[in-house]
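One structure is given here, and the rest of the page talks about it.
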Number of protein chains: 2
Amino acid sequence: MHIIDHIAAIPLFQGLPKEYHEDLTTIVVDQIFRRGQIIFSEGDEGNGLYVVISGRVKIFKVSQEGKEQILHFFGQGEPFGEVPVFAGELFPAHAESIEESRVFFFPRDAFIDLIRKNPSIALSMLAVLSRRLRTFTMLIEDLSLKEVPGRLSTYLLYLSEHKNENDHLILDISKGQLASLLGTIPETLSRILARMAKEELICLDGPRRIQILDRNGLLELATGERRL
Amino acid sequence: MHIIDHIAAIPLFQGLPKEYHEDLTTIVVDQIFRRGQIIFSEGDEGNGLYVVISGRVKIFKVSQEGKEQILHFFGQGEPFGEVPVFAGELFPAHAESIEESRVFFFPRDAFIDLIRKNPSIALSMLAVLSRRLRTFTMLIEDLSLKEVPGRLSTYLLYLSEHKNENDHLILDISKGQLASLLGTIPETLSRILARMAKEELICLDGPRRIQILDRNGLLELATGERRL
DNA sequence: CCCCTTTCTTGACTTATGTCAAAGACGGGG
DNA sequence: CCCCGTCTTTGACATAAGTCAAGAAAGGGG
């Protein structure tokens, strides 16, 4: 598969005339990152847009004491690192490849030119940022207004609608990473999973395999109607 | 002052040819909201963009138990309610006028047309959304990785660089609202302010008047190098 | 200028969640 | 298939912050 095919497959660039795809191939920087490798750090200058071609990337913050808060996971076709492209200034968070990942980098100026010439890309990019704002709004709501059992329930219900395999949902990330995504620590997550299992809301079958026994109970936890 | 002058003064529409300003006057909806009036609620359909002409608007979420988390305050010239315009779907949060406010509403389709015709607006809008993402990133970091004294210190230092009046900074919002912005409750905020005063980091002189005595101490709290 | 409502403060108490430490379970590479 | 490093679980404990309740202060309207 050639570079131009990967570019044509990026949702952000869908519906763009073919010649622009060709233009993009001339400026793209094709990069491979190993598991655990840092793509950029908070405070670095961001002079371009990244797109995940394969693998997975996490965007996160770290506190003084080393606690980590994951902001996003990005996979195939998803752009990241766009904030400094449009708002100037520096990256607000870190990006790390959590598995072997292939990433395309598009330098800022060429990308801005593309937007100037193609309102459809501008609208796509606006849609991407707006969805991201929505996601952040939900994360803020979770962190500020819900307890960990509520956040976990929301996540489990979300997973059950996407990555489920005949009622057994499969965690696509480690529990440590899940804790960090939910704004807590592995110990707390572990305890709450155990408590949910004891209350027969879920059944833990296998390290990354969870069965939902009482979907309604989880929903009540997620909305704050019930506490664990 | 005529409607077109207000429109020309909106930063988002700066650098737009005059004829577009005139076009906008034909579609704008001019609205006044009283203090405490709801402009839209979470879950409402959003079919246009709002801009604050005068007064102030808060964007917030509420939990089941009634706790409130403020996401933004918006003042003169700032756009809000844009997420559903670009991402489709519904408002992710509530908007309330916290004082008598004048708000212009631009219907979605006309606004999207404008963007199609003017890449410069698209770029301005991308910059607005990117800055908003940066703000949210900081809020998430605060909520997840810092304690309330750290968040408060960050806010006080921020204020001291903007709204200070010979070393006395003036809170531009009530303490209850500040608590809600910091993701806590008035009681906790009150206690922490008292504690900061006892430690001689600040001096409370008057209901909305605070003097910073130890800027460095606040900075250490804000970065997590020190605890209260 | 004073009353009444709203906002703020303070105290005693509860609780969710973080910390520290140690044991147990996985799982990939040799 | 077994071993070692990593991830996960569990326990005992510490603590930041929320709840409830009551009193104090502030501020706007008559």
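Owing to the predicted nature of the structure, the values given are computational and were not obtained by experimental measurement. Per chain, numbering begins at 1; letters A, B, ... match sequence-line order.
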Would you mind reading off the distance between [X] atom [atom1] and [N] atom [atom2], rounded to a whole angstrom?
X: A/I185; N: D/dT10; atom1: CD1; atom2: P; value: 15 Å
X: B/Q64; N: D/dT19; atom1: CD; atom2: P; value: 14 Å
X: B/R227; N: C/dG18; atom1: CZ; atom2: C1'; value: 10 Å
X: A/L145; N: D/dG18; atom1: CG; atom2: P; value: 11 Å
X: A/R151; N: C/dA16; atom1: CZ; atom2: P; value: 13 Å
X: B/L143; N: D/dA16; atom1: CG; atom2: P; value: 18 Å
X: B/L182; N: D/dA16; atom1: CG; atom2: P; value: 17 Å
X: A/E68; N: D/dC7; atom1: CD; atom2: P; value: 11 Å

Side chain of B/E187, heavy atoms from C-beta onward: which of D/dC20, C/dA21, C/dG18 has the nearest atom to it?
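The answer is D/dC20.
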Proximal nucleotide (of D/dA17, D/dT10, D/dT8) relative to the A/A194 side chain
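So the side chain of A/A194 is nearest to D/dT10.
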Phosphate OP1/OP2 of [N]: any [X] side-chain N/O under 4.0 Å:
X: B/R191; N: C/dG11; value: no
X: A/T184; N: C/dT17; value: no
X: B/K175; N: C/dT9; value: yes
X: B/S190; N: C/dT9; value: yes

On DNA chain C, compare the nucleotides closest to A/E147 and B/L193; which residue's is nearer the 5' end?
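Nearest-nucleotide comparison on DNA chain C picks B/L193.
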Residue whose nearest DNA chain C nucleotide is more 5′ - A/P207 or A/K67:
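Per heavy-atom nearest nucleotide, the more 5' residue is A/K67.
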Donor-acceptor pair, side chain of A/R151 and main chain of A/D142, under 3.5 angstrom
yes
Establish, from distance only, whether the side-chain atoms of B/R132 and B/H72 form a donor-acceptor pair under 3.5 Å.
no
Describe, in one word, how the ring planes of A/F74 and A/F80 are oriented to each other, choosing from parallel (under 30°), tilted (30 to 60°) and perpendicular (over 60°).
parallel
Counting any heavy atom closer than 4.0 Å, what does B/G150 reach on the DNA or RNA strands: base, sugar-phosphate only, or nothing?
nothing
Under the side-chain hydrogen bond (donor to acceptor under 3.5 Å, both in side chains) test, residues paired with A/S144 that sit two or more places apart
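Applying side-chain hydrogen bond (donor to acceptor under 3.5 Å, both in side chains) to A/S144 gives B/Q69.
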Just jot down the side-chain hydrogen bond (donor to acceptor under 3.5 Å, both in side chains) partners of B/D214, sequence neighbours excluded, or say none.
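If we apply the side-chain hydrogen bond (donor to acceptor under 3.5 Å, both in side chains) test to B/D214, skipping adjacent residues, there are no hits.
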Residue closer to the 5' end of DNA chain D, B/K146 versus A/R35 (nearest nucleotide)
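Nearer the 5' end of the strand: A/R35.
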